[in-house]
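Note sheet for the following structure.
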Protein chains: 2
Amino acid sequence: MINIGILSRQADISAKTIRYYESVGLMPEPARGGNGYRQYTEMDLETLRFIRRARDLGFSVKEVGDLMKLWHDRNRASADVRAIALNHIDEIEQRISKLKSIRRTLINLTERCHGDDRPDCPILDDLVKGESAETRWLRDSPRKG
Amino acid sequence: MINIGILSRQADISAKTIRYYESVGLMPEPARGGNGYRQYTEMDLETLRFIRRARDLGFSVKEVGDLMKLWHDRNRASADVRAIALNHIDEIEQRISKLKSIRRTLINLTERCHGDDRPDCPILDDLVKGESAETRWLRDSPRKG
DNA sequence: CCAAACCCTCTAGTATAATGGAAGGTAACC
DNA sequence: GGTTACCTTCCATTATACTAGAGGGTTTGG
């Protein structure tokens, strides 16, 4: 069992923020010592690191909460949890492909404007337009009957 | 040339928010008609869609601004822009792999807890932990300097 | 013993990212 | 010419996610 300060250093999240996460239900209420100090376990550290990872990726506290629920509620109604998890996985995969799309936009930028001072670089005209190069196939190929 | 309402509908972003983006420098100041109405072009629509994509992915307004700069400043100092773009691409790739890590966490959840009511499901013990290699945690950190 | 470094709760303030509403001008249609 | 749907600016408010500070108790070490 460790105090909040140690946990704070281990997860690189301030003690204030840890208490805040507790107040909004992201972190569970920990056991208390006789002195009233919060007593954390190794699992709390992992939880906090999970939260940190997800927050860093731009998931809102509420969204992280949803992911956390999946994670903590895994002991009961596993079938439901599994379904919800698959849903979240799907959303994350969409997110990944959108990121890939933005990456592709930027890569095209660097490839088209390859270090000289050419005045035009028609990225907008054919790349960002229509969502991205990655989705241009939507226009050009049928893909679905 | 289109008015803000049309642009708003095309990009699925409220007129209020478009003006807000203008006020914080994300959207360029558009031309004005004789009536003072904002006059937008096709490119503004693309710009707005780029902003929307990036914001949806959790990039802050400032970060989106950085991406926008790359995009709009491509006409001058292409070499520098290229370097900065490569940097951003790198960051985005890191982001993608972090997302993949979270996805892996969730996939493992569904695989381990495969729909029955088994009480334990040792995801924490070997999965989320694996992300951060420093699990030499409880070896009592120094508490005083 | 006492100071420094912890910890506690509670309230308030900040930054970000919008969103709402007032007050009024403009454009389109009947 | 009136009504409705636009548009304008400016100021206020909301929601989210912390962050700071007051005021006070606890633990550790010289």
Side-chain angles (χ1 to χ4, degrees), chain A residues 1-41 44-45 47-69, chain B residues 1-41 44-45 47-69 137-138 140-145:
Chain A
M1 291 295 213
I2 55 169
N3 286 348
I4 201 168
I6 309 282
L7 182 70
S8 167
R9 263 165 258 141
Q10 298 283 338
D12 198 28
I13 292 186
S14 76
K16 288 261 189 203
T17 299
I18 295 169
R19 290 189 204 102
Y20 166 72
Y21 284 159
E22 182 184 326
S23 78
V24 296
L26 265 195
M27 285 291 289
E29 286 183 24
R32 299 292 183 119
N35 50 18
Y37 288 15
R38 287 170 177 80
Q39 301 285 282
Y40 292 101
T41 66
D44 292 315
L45 177 57
T47 301
L48 202 46
R49 282 183 171 148
F50 185 94
I51 294 169
R52 193 184 188 289
R53 274 202 290 156
R55 289 286 303 119
D56 284 351
L57 287 168
F59 288 92
S60 72
V61 163
K62 197 202 162 296
E63 286 169 332
V64 178
D66 290 345
L67 295 172
M68 297 300 298
K69 255 175 233 149
Chain B
M1 291 294 211
I2 55 172
N3 285 349
I4 199 168
I6 309 282
L7 182 70
S8 167
R9 264 164 258 145
Q10 299 281 339
D12 198 28
I13 291 186
S14 77
K16 285 264 187 201
T17 299
I18 295 168
R19 290 190 203 103
Y20 165 72
Y21 284 159
E22 182 186 325
S23 78
V24 297
L26 264 195
M27 285 292 287
E29 287 183 23
R32 297 295 182 118
N35 50 18
Y37 287 17
R38 287 171 177 79
Q39 300 287 282
Y40 293 101
T41 66
D44 290 316
L45 178 57
T47 301
L48 202 46
R49 281 184 171 147
F50 184 95
I51 293 169
R52 191 183 189 288
R53 274 203 290 157
R55 288 286 302 121
D56 283 353
L57 287 168
F59 289 92
S60 73
V61 163
K62 199 202 161 297
E63 286 168 333
V64 178
D66 291 345
L67 294 172
M68 297 299 298
K69 256 175 232 149
W137 70 303
L138 246 176
D140 221 345
S141 303
R143 45 172 317 166
K144 200 190 166 187

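This one's a predicted model, so the numbers in the text were calculated from it and none came from an experiment. Numbers restart at 1 for each chain; the letters A, B, ... are given by sequence-line order, proteins then strands.
A:Gln39 has its CD atom 13 Å from the C1' atom of C:dC8, to the nearest Å. Atom pair A:Ile6:CD1 and D:dT28:P shows a separation of 11 Å (rounding to whole Å applied). Between the CG atom of B:Leu26 and the C1' atom of C:dT16 there is a distance of 12 Å, given to the nearest Å. For the pair A:Tyr21 OH and D:dT19 C1', the computed distance is 12 Å after rounding to whole Å. Atom CZ in B:Arg52 sits about 11 Å away from atom P in C:dA18, given to the nearest Å. Spacing between atom CG of A:Asp56 and atom C1' of D:dA17 amounts to 13 Å, rounded to whole angstrom units. Look at OH on A:Tyr40: it is 11 Å from C1' on C:dC7, rounded to the nearest Å. Residue A:Ile4 contributes atom CD1, which lies 9 Å from atom P of C:dT9 at whole-angstrom precision.
Separating the CG atom in A:Asp44 from the CD atom in A:Glu22 is a distance of 9.5 Å, to the nearest 0.5 Å. From B:Ile13, atom CD1 reaches atom CD1 of B:Ile4 across 10.5 Å, with rounding to the nearest 0.5 Å. Taken from CG in B:Leu57 to CG in B:Leu67, the straight-line distance is 10.0 Å, to the nearest 0.5 Å. The structure places CD1 of B:Ile6 at 11.0 Å from CG of B:Leu45, a figure rounded to the nearest 0.5 Å.
Looking at heavy atoms from C-beta onward, A:Ile2 lies out of side-chain contact with A:Gln39 at the 4.5 angstrom threshold. Residues B:Met68 and B:Met27 form no side-chain contact, since every pair of their non-hydrogen atoms from C-beta on lies 4.5 Å or further apart. Put simply, the side chain of A:Met1 reaches to within 4.5 Å of the side chain of A:Thr41, judged on heavy atoms.
Scanning all heavy atoms of the two residues, the minimum distance from B:Ser8 to B:Ala15 falls at OG-N, 3.6 Å.
For the OP1/OP2 pair of D:dT9 and a distance below 4.0 Å, the side-chain nitrogens and oxygens of B:Arg38 include at least one atom meeting the criterion. Note on B:Arg19: every side-chain N or O is 4.0 Å or more away from OP1 and OP2 of D:dC7.
Salt bridge status for A:Asp66 with A:Lys69: present, with a side-chain N to carboxylate O gap under 4.0 Å.
Of the candidates D:dC18, C:dA18, C:dT9, the closest approach to any side-chain atom of A:Val61 belongs to D:dC18. Of all nucleotides listed (D:dT9, D:dC18, C:dC7), C:dC7 comes nearest to the side chain of A:Asn3.
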(request) Please test A:Tyr21 against A:Arg55 for side-chain contact (heavy atoms from CB on, under 4.5 Å), starting from the C-alpha separation and ending with a verdict. (result) CA-CA 12 Å; A:Tyr21 284 159; A:Arg55 289 286 303 119; 3.9 Å; yes
(message) Using the rule given for side-chain contact (heavy atoms from CB on, under 4.5 Å), can you reason through B:Arg52 versus B:Leu48, listing the C-alpha separation, both sets of side-chain angles and the distance that settles it, and then say yes or no?
(response) CA-CA 6 Å; B:Arg52 191 183 189 288; B:Leu48 202 46; over 6 Å; no
(message) Does A:Arg38 form a side-chain contact (heavy atoms from CB on, under 4.5 Å) with A:Arg32? I'd like the steps, not just the answer.
(response) CA-CA 5 Å; A:Arg38 287 170 177 80; A:Arg32 299 292 183 119; 3.3 Å; yes
Close N/O contacts between protein and nucleotides 2-4 of chain D (under 3.5 Å):
none

Identify the pairs formed between an N or O of the protein and an N or O of nucleotides 12-15 of chain D at a distance under 3.5 Å, and give each distance.
none

(request) For each nucleotide in nucleotides 19-30 of chain C, reading 5' to 3', give B when a protein heavy atom comes within less than 4.0 Å of its base, S when such contact involves only the sugar-phosphate, and - otherwise. (result) SBB---BBS---
